[in-house]
Amino acid sequence: MIFKLDMVHTIALAVVLLLLGELLVRKIKFLSKYCIPAPVVGGLMFSILALILRQTVAVNFEMDTTLQTFTMTMFFTSVGFSASFGLLKKGGVKVFLFLGAAVGLVVFQNILGVGLAKLLNLNPLLGLVTGSIPMTGGHGTAGAFGPFIENSGVAGANSIAIAAATFGLVAGSMIGGPTGKRLIEKHGLSEIKNVRSEVHVITEEAVEDNPQLLVPKKIYSATFLILIAMGLGTIVSSILQKTGAIFPAYIGAMLIGAVIRNISESTKLFDTPMTEVNIVGGISLSLFLSMALMTLKLWELADLAIPFLIMVVAQVILVYFFANYITFNLMGRDYDAAILSAGHCGFGLGATPNGVAVMDSLTLSYGPSPLAFFVLPLIGSLFIDFINSGIITVFLNILG
């Protein structure tokens, strides 16, 4: 028996699962503790149900994922708008150093993933879907590149990418705290103990000391700018495709978003309301993830269970040693460097909120680190997704 859902039914179901996920995250401590995203919870529950129905009573679902692609492009366009070169320069040397560390980890994650895939006699592209795509990229990048790689002939790539992203979220949260604690105590970096930190994530508006109130006009402007960038981006993407290189569908829109943002900042001819852009992007991401997770074909993971575990555990080991011996040394071997190294574990294996949560748990015990709470969210929220997509694209073209 096959249940067919058109695009309206599909996105409506995605919203229901998103709301269910939010309820479960609030009610189940484990989910909130490890910052598991609500759309991941709701969508994964449905995909597990679909697996059970398929295996027991031969029930299958066919869904129109047109709006999944649309929301994915909208989210990554909002990521493009976040690439402010002016803001990057304001952050000073530490911001560039941590950006370098984050980029270095992305490259190593992909080299490790591809190398292990070849060692295990698997398609090298499977190495990418356990590399920086799900790890540094998280569920958003996994949901975008997974189907792209699967359409290139790699069966199960989407399911593997999402599963790896979920594994990374939990693993990053678990190793980040111990990593920071070890560095602080081994090097005698704690001068303030048992002080509750009042530090919060520094948003872009706080950085610019110009808090913005949400008003309808700015939400309209943000939505319209994103849609314009998406439209122009299709032209850019079509031009890029003619080069013969491999590019994800959203790359043109993301580039146009970055161009619009930096023209806005340099010329002051128009305003780019970033608070509202991020809100629209966040809504798009939630809907996209919910649809991506609920359409997973979990039965495709069965044949790759052991190789999958080998590759994701190897990524955890890589991040641990990278944070301890590269991030820590590069950032100056001081207290802020230790906090950033711990945050890099959560950030490099899952998402920026993971990294922030890890740092917050440490500063509650050892004292505040305003520098760390400025640098990591700035790089994680504004730049790494943009750069990660570019590096992944380079690897796709090398392997293709």
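It should be emphasised that the depicted structure is a prediction, and the values quoted were computed from it without experimental measurement.
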- If you round to the nearest 0.5 Å, how far is CG of Leu285 from OG of Ser78? 8.0 Å
- Keeping the roles fixed (side chain from Ser264, backbone from Ile260), state whether a donor-acceptor pair exists under 3.5 Å. no
- Query: Can Val106 and Ile387 be said to form a side chain to side chain contact (heavy atoms under 4.5 Å, CB included), step by step?
  - Reply: CA-CA 9 Å; Val106 165; Ile387 296 172; over 6 Å; no
- Query: Does any pair with a residue in residues 145-170 pass side-chain hydrogen bond (donor to acceptor under 3.5 Å, both in side chains), and if so which ones, sequence neighbours excluded?
  - Reply: His139-Thr166
- Item | Worked check of side chain to side chain contact (heavy atoms under 4.5 Å, CB included) between Ser237 and Ile251 | CA-CA 6 Å; Ser237 291; Ile251 191 69; 4.0 Å; yes
- Does Val107 belong to the same Ile/Leu/Val/Met/Phe/Trp/Tyr cluster as Leu97, with side-chain heavy atoms less than 4.5 Å apart forming each link? yes
- Message: To the closest 0.5 Å, what do you measure between OG1 (Thr65) and CG (Leu5)?
- Response: 11.5 Å
- Item | Enclosure of His187 NE2 (heavy-atom neighbours >12, cutoff 6.0 Å) | yes
- Item | Val57 with Met1, same ILVMFWY side-chain cluster at under 4.5 Å | yes
- To the nearest 0.5 Å, how far apart are CG in Leu125 and CD1 in Ile133? 8.5 Å
- Query: Going by distance alone, is a donor N or O of one side chain under 3.5 Å from an acceptor N or O of the other, for Ser221 and Glu276?
  - Reply: no
- Of all heavy-atom pairs linking Gly177 and Val358, the shortest is N-CG1, 3.7 Å
- Item | Evaluation steps, side chain to side chain contact (heavy atoms under 4.5 Å, CB included), between Leu255 and Leu240 | CA-CA 11 Å; Leu255 290 171; Leu240 291 174; 4.3 Å; yes
- Can you tell me if Asp360 uses its side chain to pair, donor with acceptor, with the backbone of Val356 under 3.5 Å? no
- Looking only at non-hydrogen atoms, find the nearest pair between Leu31 and Leu24 and report the distance. CD1-O, 3.8 Å
- Task: Scan residues 114-129 for pairs that pass side-chain hydrogen bond (donor to acceptor under 3.5 Å, both in side chains), counting only residues two or more places apart or in two chains.
- Result: none
- Task: Tell me whether Leu13 is reachable from Leu23 by hopping between hydrophobic residues (I, L, V, M, F, W, Y) whose side-chain heavy atoms are closer than 4.5 Å.
- Result: no
- Polar side-chain atom of Asn278 near backbone of Met274 as donor-acceptor pair, under 3.5 Å: yes
- Message: Closer than 3.5 angstrom, by distance alone: can the side chain of Lys94 be matched with the main-chain N or O of Met331 as a donor-acceptor pair?
- Response: yes
- Message: Looking only at side-chain N and O atoms, does Ser284 offer a donor or acceptor that is under 3.5 Å from a partner on Thr71?
- Response: no
- Residue pairs fulfilling side-chain hydrogen bond (donor to acceptor under 3.5 Å, both in side chains) with at least one residue in residues 13-26, sequence neighbours excluded: none
- Look at the rings of Phe148 and Phe145 and say which category their plane angle falls in: under 30° parallel, 30 to 60° tilted, over 60° perpendicular. perpendicular
- Message: Tell me whether Ser341 contacts the main-chain N or O of Phe328 through its side chain, where contact means a donor paired with an acceptor under 3.5 Å.
- Response: yes
- Item | Test log, rule side chain to side chain contact (heavy atoms under 4.5 Å, CB included), inputs His344 and Phe98 | CA-CA 9 Å; His344 202 182; Phe98 189 73; 4.0 Å; yes
- Query: Out of curiosity, Thr10 OG1 to Gln68 CD, how far, rounded to the nearest 0.5 Å?
  - Reply: 9.0 Å
- Quick one: does Ile279's side chain get under 4.5 Å of Ile219's, heavy atoms only? no
- Beyond-backbone contact of Pro39 with Leu17, side-chain heavy atoms, under 4.5 angstrom: no
- Message: Asn110: which residues meet the side chain to side chain donor-acceptor pair (under 3.5 Å) condition with it, sequence neighbours left out?
- Response: Ser132
- Item | Reported CG-to-OG1 distance for the pair Asp385 and Thr136, which is rounded to 0.5 angstrom | 9.5 Å
- Task: Compare every heavy atom of Phe308 with every heavy atom of Thr130, then report the nearest pair and how far apart it is.
- Result: CG2-CD1, 4.4 Å
- Query: Just wondering, do Leu287 and Met74 contact through their side chains at under 4.5 Å, heavy atoms?
  - Reply: no
- So which pairs with a foot in residues 36-57 pass ring pair (Phe, Tyr, Trp, His ring centres under 6.0 Å), sequence neighbours left out? Phe46-Phe61
- Task: Report the distance from atom CD1 of Ile392 to atom CD of Gln109, rounding to the nearest 0.5 Å.
- Result: 9.5 Å
- Any side-chain heavy atom of Ile339 within less than 4.5 Å of one from Ile184? yes
- Query: Is there a donor-acceptor pair closer than 3.5 Å between any side-chain N or O of Ser290 and the backbone N or O of Ser286?
  - Reply: no
- For the residue pair Tyr250 and Phe76, categorise the inter-ring angle as parallel (less than 30°), tilted (30 to 60°) or perpendicular (more than 60°). parallel
- Side chains of Met311 and Leu116: closer than 4.5 Å at any heavy-atom pair? yes
- Task: With the side chain counted from C-beta on, respond yes when Leu126 and Val129 share a heavy-atom pair under 4.5 Å apart, and no when they do not.
- Result: yes
- Item | Single-linkage hydrophobic cluster, 4.5 Å side-chain cutoff, Phe224 and Phe75 together | no
- Message: Do Ile310 and Leu318 land in one hydrophobic cluster if side-chain heavy atoms of ILVMFWY residues count as linked below 4.5 Å?
- Response: yes
- Note on the structure: Ala165 and Ala142 have their tightest heavy-atom pair at CB-CB, 4.2 Å
- Query: Just wondering, do Met359 and Phe373 contact through their side chains at under 4.5 Å, heavy atoms?
  - Reply: yes
- Query: Looking at side-chain heavy atoms only, is the closest gap between Leu169 and Leu349 below 4.5 Å?
  - Reply: no
- Query: Where do Met230 and Phe70 come nearest, in terms of heavy atoms and distance?
  - Reply: CE-CE1, 3.6 Å
- Message: Could you check whether any side-chain N or O of Ser238 sits under 3.5 Å from a backbone N or O of Ile235, counting only pairs where one atom can act as donor and the other as acceptor?
- Response: yes
- Message: Less than 3.5 Å apart, any donor N or O on the side chain of Ser369 or Asp336 sitting next to an acceptor on the other?
- Response: yes
- Message: Applying salt bridge (charged side-chain N to carboxylate O under 4.0 Å, His left out) as the test, list every pair that has at least one member in residues 161-181; sequence neighbours left out.
- Response: Lys181-Glu185
- Which atom of Leu362 lies closest to which atom of Ala342, heavy atoms considered: CD1-CB, 3.3 Å
